[in-house]
A.B. asks: 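For reference, the structure I am asking about is given below.
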Amino acid sequence: MSIILDNSTKVLVQGITGRQGNFHTKQMLEFGTQVVAGVTPGKGGQQVHDVPVYDTVFAAVSKHKDINASIIFIPAPAVKDAAMEAMAAGIRTVVIITEHVPLHDEMDIMAYAEKTSTIIIGPNTFGIISPGQSKMGIMPNTIYKPGAVGLVARSGTLSYEIAFNLTSAGLGQSTVVGLGGDRVVGLSFTDVLPMLEEDPDTESVVLVGEIGGNAEEEAAKYIKQMKKPVVAFIAGSSAPPGKRMGHAGAIIERGRGTFASKVEALNNAGAKVASLPWEVPELVKK
Amino acid sequence: MSIILDNSTKVLVQGITGRQGNFHTKQMLEFGTQVVAGVTPGKGGQQVHDVPVYDTVFAAVSKHKDINASIIFIPAPAVKDAAMEAMAAGIRTVVIITEHVPLHDEMDIMAYAEKTSTIIIGPNTFGIISPGQSKMGIMPNTIYKPGAVGLVARSGTLSYEIAFNLTSAGLGQSTVVGLGGDRVVGLSFTDVLPMLEEDPDTESVVLVGEIGGNAEEEAAKYIKQMKKPVVAFIAGSSAPPGKRMGHAGAIIERGRGTFASKVEALNNAGAKVASLPWEVPELVKK
Amino acid sequence: MKLFEYMGKELFKKMNITVPAGQVFQSDEGVEKFVANTGEVVIKSQILSGGRGKAGGIKFATSPDVAKMAVNELLQSKVKDCPVQAVLVEEKINIDKEIYLAITVDGSIKRPVVIASSSGGVDIEEVPEDKIIKIPVDVHSGVQPFLAREVARQLLLQGDHFKQFVNLLVNMYKLFKKYDCELVEINPLVISGDKLLAADAKVTVDDEAAFRYPADLPVIDERTEREKKAHQLGISYVELEGEIGVMANGAGITMATLDIINHYGGTPRNFMDAGGGASTEATAKALEILLSTNPKVILANIFGGITRCDDVANAFAQVQEKLGIPVPLVIRLVGTNEEDGVRILKGQGIESFRTVDEAVAKAVELLASSEGSGE
Amino acid sequence: MKLFEYMGKELFKKMNITVPAGQVFQSDEGVEKFVANTGEVVIKSQILSGGRGKAGGIKFATSPDVAKMAVNELLQSKVKDCPVQAVLVEEKINIDKEIYLAITVDGSIKRPVVIASSSGGVDIEEVPEDKIIKIPVDVHSGVQPFLAREVARQLLLQGDHFKQFVNLLVNMYKLFKKYDCELVEINPLVISGDKLLAADAKVTVDDEAAFRYPADLPVIDERTEREKKAHQLGISYVELEGEIGVMANGAGITMATLDIINHYGGTPRNFMDAGGGASTEATAKALEILLSTNPKVILANIFGGITRCDDVANAFAQVQEKLGIPVPLVIRLVGTNEEDGVRILKGQGIESFRTVDEAVAKAVELLASSEGSGE
């Protein structure tokens with residue numbers, strides 16, 4: 001088992017003929033993901049790595065009625081349109097890899113997702129992976145192994161670092177979810193933690209957060225009532241206020257979202273907070 | 001029993017200090033409606049017929065937490081705002097009396113109603129009445145009596161005519177609903193008929209339709225499976241195509257929504273269709 | 001409010017929807033020059049009814065002087081009973097393919113709907129259901145490019161036509177929203193070489209939104225003077241061609257009253273919904289409008305609710321005293337303050353009835369006798 | 001992108017939000033004339049940091065010559081380390097009451113939020129939570145008048161102020177949407193007699209929406225030349241004040257790398273997220289930017305995924321051969337094509353590590369010894 005994504009998920013790739021879409025479709029297929037169709041307007045009828053391409057999502061889903069998830073590799077200005085298209089066509093899990101999506105477009109996407117009860121992962125995420133089953137995303141195929149740690153992170157490469165540390169320490173993962181680095185993203189810690197808490201194949205949870213926003217503080221409220229052990233790592237202890245550390249969300253503004261407030265909230269909730277990334281596996285094993 | 005509205009419904013009047021709002025608040029109170037509050041921006045703190053007035057709907061519902069329906073007497077240009085306000089404040093039954101509401105505003109209202117699962121009656125309706133219990137609307141207080149006929153109509157005075165005929169013939173009513181005369185309105189026949197079918201106190205149903213649109217044809221599809229007898233009357237048998245007969249919806253355009261197609265659909269569905277208004281009571285009694 | 005084709009095309013141009021090169025003329029002044037610069041042209045009479053082509057309202061010309069003659073001919077003619085007050089002279093375009101495209105409101109789903117068909121150029125009513133593409137629009141998101149792409153795909157458009165169509169439909173929806181439209185129709189939308197051109201334009205805007213029409217929206221009024229006057233009184237009034245002048249209070253009951261007149265073999269001269277709660281004064285004015293149409297009989301069907309029977313009766317009494325009512329008058333009066341109303345009418349020698357049945361029967365009987373008497 | 005106060009106020013005026021009469025000056029030319037016509041004025045230095053009042057960036061003047069002097073003084077000064085390049089001279093208004101009003105984005109509820117308080121004029125952070133009104137906005141319907149009325153009611157506004165406020169907030173939201181804003185803040189919104197005036201303007205627009213900024217939006221850039229250059233390369237780069245030049249691939253891991261440097265007692269000179277999948281060429285350019293800041297040590301933390309270790313290693317080799325790297329270099333290299341990468345680096349005499357732990361420890365050690373050596 002796993003959350004959101006498993007080996008039965010039928011995946012559509014929006015923007016499949018682009019450089020990124022093409023490359024990662026190959027990676028996903030190699031990992032075992034069931035990529036059943038792709039979409040690029042004007043390229044309908046082509047094939048990419050033997051995956052049929054359609055002009056619109058409606059055309060794809062009318063041909064492949066079992067499509068139940070979509071991953072978007074589309075330039076930022078067109079992401080809102082692509083996400084709306086997926087939702088309007090009835091797809092209820094949408095992973096948006098693209099970075100630099102305008103904030104107002106993100107809010108529009110999330111409002112439509114709320115209305116249609118769609119799970120959005122991202123934008124600006126590495127995606128989601130259930131090792132041994134399937135992945136929708138751009139994470140390297142090699143650093144994960146199946147196991148019982150659920151990992152949820154705001155940031156990409158940092159989560160690779162931690163997954164790599166876990167795997168090296170013999171700790172496999174049930175599902176790894178990247179929430180995305182923007183100020184407005186779809187799933188948040190408080191959405192994913194309950195799924196992991198209920199997933200029978202997840203025994204412990206690792207949360208990788210960062211400064212900015214109050215997602216970690218909100219997560220702490222839920223962690224308080226969790227039965228499964230939670231280990232957390234928060235990036236940005238050294239970041240000066242007012243500077244955006246790459247992610248739109250990772251900024252301490254008006255004194256909110258500091259490292260200290262997050263660590264305190266997580267500690268109070270009973271999570272073990274690692275000071276350094278490589279301490280995470282030890283804390284999980286305890 | 002009755003549908004939508006009964007003697008426990010707590011009613012808010014939006015636009016209570018206006019000429020219409022004031023007059024009909026009095027009428028409703030006399031009929032027994034529980035009007036608990038009113039709203040007119042800038043008039044908060046006043047009273048109308050002993051009903052307290054607030055500046056905003058939020059203020060009214062925070063004081064009267066049991067408000068569960070609102071009736072709107074607001075000039076057409078501000079109706080969308082008023083209806084959105086009621087819905088945003090959590091009120092889930094909204095009756096809009098106002099006529100001349102712009103079509104695009106009506107579509108916006110209905111989209112928001114769908115999102116919030118709100119029952120909208122109208123715009124351009126006489127409202128809803130459950131004789132012996134409560135009314136939200138502008139219908140005369142005197143022509144109804146409690147009974148077992150459910151009456152649903154697109155048009156106001158014509159429904160009075162028919163209710164009056166029913167009452168005169170000794171046939172009381174469970175609930176009378178006016179859908180409103182505009183092209184886009186909230187509740188339609190296909191929403192109300194199932195409610196009447198399930199209402200234990202309704203024994204038979206009278207449908208008062210008119211030319212234009214396809215609401216009666218849609219209704220016929222549902223009537224086919226109804227257990228309770230249905231009598232229908234359709235206005236507009238003599239109307240020439242292309243002319244709007246007062247109601248925005250009552251127009252035969254592009255050959256759709258003709259009298260003949262409606263009568264045929266209703267007959268085929270097993271409804272008895274009266275040729276003249278005064279035939280309705282006889283057909284109900286049969 | 002329906003807009004003339006040329007007005008619709010002005011709006012199209014503002015919203016970056018391409019139309020053929022053209023110019024509108026209300027006289028022949030400048031026609032020759034325009035045609036000399038343009039070449040072969042089509043000359044279209046600007047009327048609000050459809051089917052003007054079959055009715056002779058469209059002419060073609062290849063030279064300036066032929067065009068000038070055709071313009072004059074059309075401007076002096078009536079097409080489908082409408083005097084032609086303007087013509088639109090446009091470059092004649094090569095038609096590779098005609099598409100039907102419209103955005104309108106579907107009351108049954110309470111939202112806008114995009115309607116399209118590869119079978120353009122003919123009345124959409126004549127196109128079989130399965131050749132018509134219908135896609136509802138979520139008003140919260142509007143017509144996003146993805147929806148336009150799906151329509152383009154179903155229309156089997158390719159390459160550059162596909163891209164142009166997507167922009168066109170997105171802009172067409174913006175126009176639909178911006179001008180509070182009930183209908184925006186392009187029939188045909190023409191593929192002409194590498195171009196996509198709106199060869200016709202039907203735009204209907206919502207009368208109820210008049211208070212917020214953008215300043216650049218032209219206003220046209222095809223109502224008669226009487227209809228305008230009634231409108232100012234808040235009365236819903238439509239002229240018909242029969243004999244009995246009708247007044248009632250409520251649209252549905254007015255419609256039903258006309259039906260009942262028909263049932264009894266009479267013919268209504270008009271639809272007049274005097275509304276609910278009209279005062280004595282307003283009712284008197286409505287009655288004056290009725291009288292001005294010289295009906296053979298006047299029938300009022302008043303179901304008093306908000307409307308008070310005594311107010312109505314007083315209005316009739318007032319008009320009779322002031323102007324005289326030269327034709328038979330039949331009034332059905334029931335409801336609020338009914339007794340007072342009946343008494344007032346009786347004082348004026350006007351008979352009233354309690355049921356619409358009796359009243360209409362009486363009106364038709366009076367009509368028959370007035371016609372019998374050769375009046 | 002933050003806008004200067006005067007730019008924000010230009011947008012306010014376009015959206016019918018009233019601001020005090022004022023004029024912006026980049027020299028003293030015209031100041032005397034403006035003040036002669038206006039009377040008592042306030043002169044505000046246009047900088048992007050808050051708290052300019054306490055820092056001496058605001059002056060008052062009652063006469064033209066005093067105003068001219070104050071303008072010159074401010075234009076020659078630095079406020080909060082920013083050289084003042086423009087001043088806004090405005091009529092001094094009587095303040096009856098100050099309100100705080102802002103629209104911003106609340107990431108936790110994924111929508112805009114209206115924030116208001118009767119305690120205006122001070123930093124909103126200093127206002128107790130229970131004195132702050134927060135109302136989320138549904139992006140589908142936006143700020144409708146009803147929402148603005150509720151805010152006005154909670155602010156206890158009355159009569160004409162109430163009505164003006166409703167219009168102002170509705171327009172403020174339109175501005176927020178139209179210009180893709182992250183923040184529109186008016187602090188204070190001033191009640192002055194019967195008027196409601198935006199006495200300050202803080203507008204921040206979303207950098208990611210730059211491709212669709214309306215043409216009338218001014219563009220300002222407070223980034224350093226290096227930051228701009230990095231931005232053009234698609235690199236996220238922020239200058240800091242420490243000693244170790246840092247490069248990593250990914251925002252989170254870059255942040256964590258800085259944290260680890262701190263943990264070991266070092267200080268980072270910059271934040272540089274070179275992104276995922278950067279080519280040899282792009283990585284070489286990023287490294288050149290790093291070198292231009294003259295760090296004492298360079299630390300690269302590369303977790304190969306999409307990024308290939310051999311590409312990164314080749315970039316370092318290239319730069320070393322072309323320009324030379326005059327400072328100690330520490331590289332953590334793991335993941336895709338790791339072995340190739342390590343071999344290439346070894347060929348250049350560059351040591352690499354498998355864990356970030358070792359790499360950072362080494363970098364800090366080298367920093368200490370470089371400082372120890374008095375370099």
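Keep in mind the model is a prediction, meaning the values are calculated, not measured. In what follows, every chain begins at residue 1, and chains take the letters A, B, ... in the order their sequences are listed. All heavy atoms count here, side chains included; hydrogens, waters and symmetry mates do not.
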A.B. asks: Counting only non-hydrogen atoms closer than 4.5 Å, does A:Thr142 touch chain D with its backbone (N, CA, C, O), its side chain (CB onward), both, or neither?
C.D. replies: neither
A.B. asks: Between D:Ala210, D:Ala256, D:Gly252, D:Gly250, which residue shows the highest count of heavy-atom pairs closer than 4.5 Å to chain A?
C.D. replies: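 Greatest number of close heavy-atom pairs with chain A: D:Gly252.
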A.B. asks: May I ask you to decide if D:Gly335's main-chain N or O and D:Glu338's side chain share a donor-acceptor pair within less than 3.5 Å?
C.D. replies: yes
A.B. asks: Please look at A:Gln27 and chain D and tell me whether the side chain, the backbone, both or neither of the residue comes under 4.5 angstrom of a heavy atom of that chain.
C.D. replies: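 For A:Gln27, neither part sits under 4.5 Å from chain D.
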A.B. asks: Please classify the contact of A:Val208 with chain D as side chain, backbone, both or neither, using a heavy-atom distance under 4.5 Å.
C.D. replies: neither
A.B. asks: Answer yes or no: is there a side-chain heavy-atom contact under 4.5 Å between D:Glu208 and A:Glu99?
C.D. replies: no
A.B. asks: Taking the side chain from A:Arg154 and the backbone from A:Gly180, do they hold a donor-acceptor pair closer than 3.5 Å?
C.D. replies: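 Absent.
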A.B. asks: Check each atom of A:Ala215 against the heavy atoms of chain D and say whether the ones under 4.5 Å are side chain, backbone, both or neither.
C.D. replies: neither
A.B. asks: Taking the side chain from A:Asn22 and the backbone from A:Gly18, do they hold a donor-acceptor pair closer than 3.5 Å?
C.D. replies: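 No, A:Asn22 side chain to A:Gly18 backbone: no donor-acceptor pair under 3.5 Å.
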A.B. asks: Is there a donor-acceptor contact under 3.5 Å from the side chain of D:Lys362 to the main chain of D:Ile331?
C.D. replies: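 Side chain of D:Lys362 to backbone of D:Ile331: no pair is present.
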A.B. asks: Assess the side chains of A:His100 and A:Asn124: does a donor N or O sit below 3.5 Å from an acceptor N or O?
C.D. replies: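 Short answer, no.
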A.B. asks: Between A:Pro140, A:Gly181, A:Ser238, which shows the greatest number of heavy-atom pairs under 4.5 Å with chain D?
C.D. replies: A:Ser238
A.B. asks: Check each atom of A:Phe126 against the heavy atoms of chain D and say whether the ones under 4.5 Å are side chain, backbone, both or neither.
C.D. replies: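 Neither; nothing under 4.5 Å.
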A.B. asks: Do D:Lys202 and D:Asn187 pair up side chain to side chain, a donor and an acceptor below 3.5 Å, judged on atom types alone?
C.D. replies: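 Looking only at side-chain atoms, D:Asn187 and D:Lys202 do not form any donor-acceptor pair under 3.5 Å.
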A.B. asks: Chain A: which of D:Asp106, D:Ile260, D:Thr336 shares the most heavy-atom pairs with it under 4.5 Å?
C.D. replies: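 Top count of heavy-atom pairs under 4.5 Å with chain A: D:Ile260.
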A.B. asks: Checking side-chain polar atoms at under 3.5 Å, does A:Ser130 have a donor or acceptor matched by the opposite partner on A:Gln173?
C.D. replies: no
A.B. asks: Tell me which of these, A:Ile143, A:Asp105, A:Val185, has more heavy-atom pairs under 4.5 Å with chain D than the rest.
C.D. replies: A:Asp105
A.B. asks: For A:Glu210, is it the side chain, the backbone, both, or neither that has a heavy atom closer than 4.5 Å to a heavy atom of chain D?
C.D. replies: side chain
A.B. asks: Heavy atoms under 4.5 Å from chain A: which residues of residues 235-245 of chain D carry them?
C.D. replies: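 D:Ser236, D:Val238, D:Glu239, D:Leu240 fall under the 4.5 Å cut-off.
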A.B. asks: For the residue pair A:Tyr160 and A:Tyr144, categorise the inter-ring angle as parallel (less than 30°), tilted (30 to 60°) or perpendicular (more than 60°).
C.D. replies: perpendicular
A.B. asks: Closer than 3.5 angstrom, by distance alone: can the side chain of D:Glu358 be matched with the main-chain N or O of D:Thr355 as a donor-acceptor pair?
C.D. replies: yes
A.B. asks: Taking every heavy-atom pair that is under 4.5 Å apart, which of A:Gly213, A:Pro77, A:Ala76 has the most such pairs with chain D?
C.D. replies: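 Looking at each option in turn, the highest pair count goes to A:Pro77.
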A.B. asks: Looking only at heavy atoms and a cut-off of under 4.5 Å, which of D:Asp273, D:Asn262, D:Asp180, D:Leu258 has the most pairs with chain A?
C.D. replies: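 Looking at each of D:Asp273, D:Asn262, D:Asp180, D:Leu258 in turn, D:Asp180 comes out on top.
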A.B. asks: Under a 3.5 Å cutoff, is there a donor and acceptor pairing between the side chains of A:Ser188 and A:Asp191?
C.D. replies: yes
A.B. asks: Checking heavy atoms, do the side chain of A:Leu276, its backbone, both or neither come under 4.5 Å from chain D?
C.D. replies: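 Contact with chain D: side chain only.
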A.B. asks: I'd like to know if D:Arg111 pairs up with D:Asp138 as an ion pair, taking the criterion as any Lys NZ or Arg NE/NH1/NH2 lying under 4.0 Å from an Asp or Glu carboxylate oxygen.
C.D. replies: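 The answer is no: the pair does not qualify as a salt bridge.
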A.B. asks: Please classify the contact between D:Phe211 and chain A as side chain, backbone, both or neither, with a heavy-atom cut-off of under 4.5 Å.
C.D. replies: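 For D:Phe211, the contact with chain A is made by the side chain alone.
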A.B. asks: So, D:Thr307 versus D:Asn249: side-chain donor-acceptor pair below 3.5 Å or not?
C.D. replies: yes
A.B. asks: Against chain A, work out which of D:Pro268, D:Ala251, D:Gly275 has the most heavy-atom pairs shorter than 4.5 Å and name it.
C.D. replies: D:Ala251
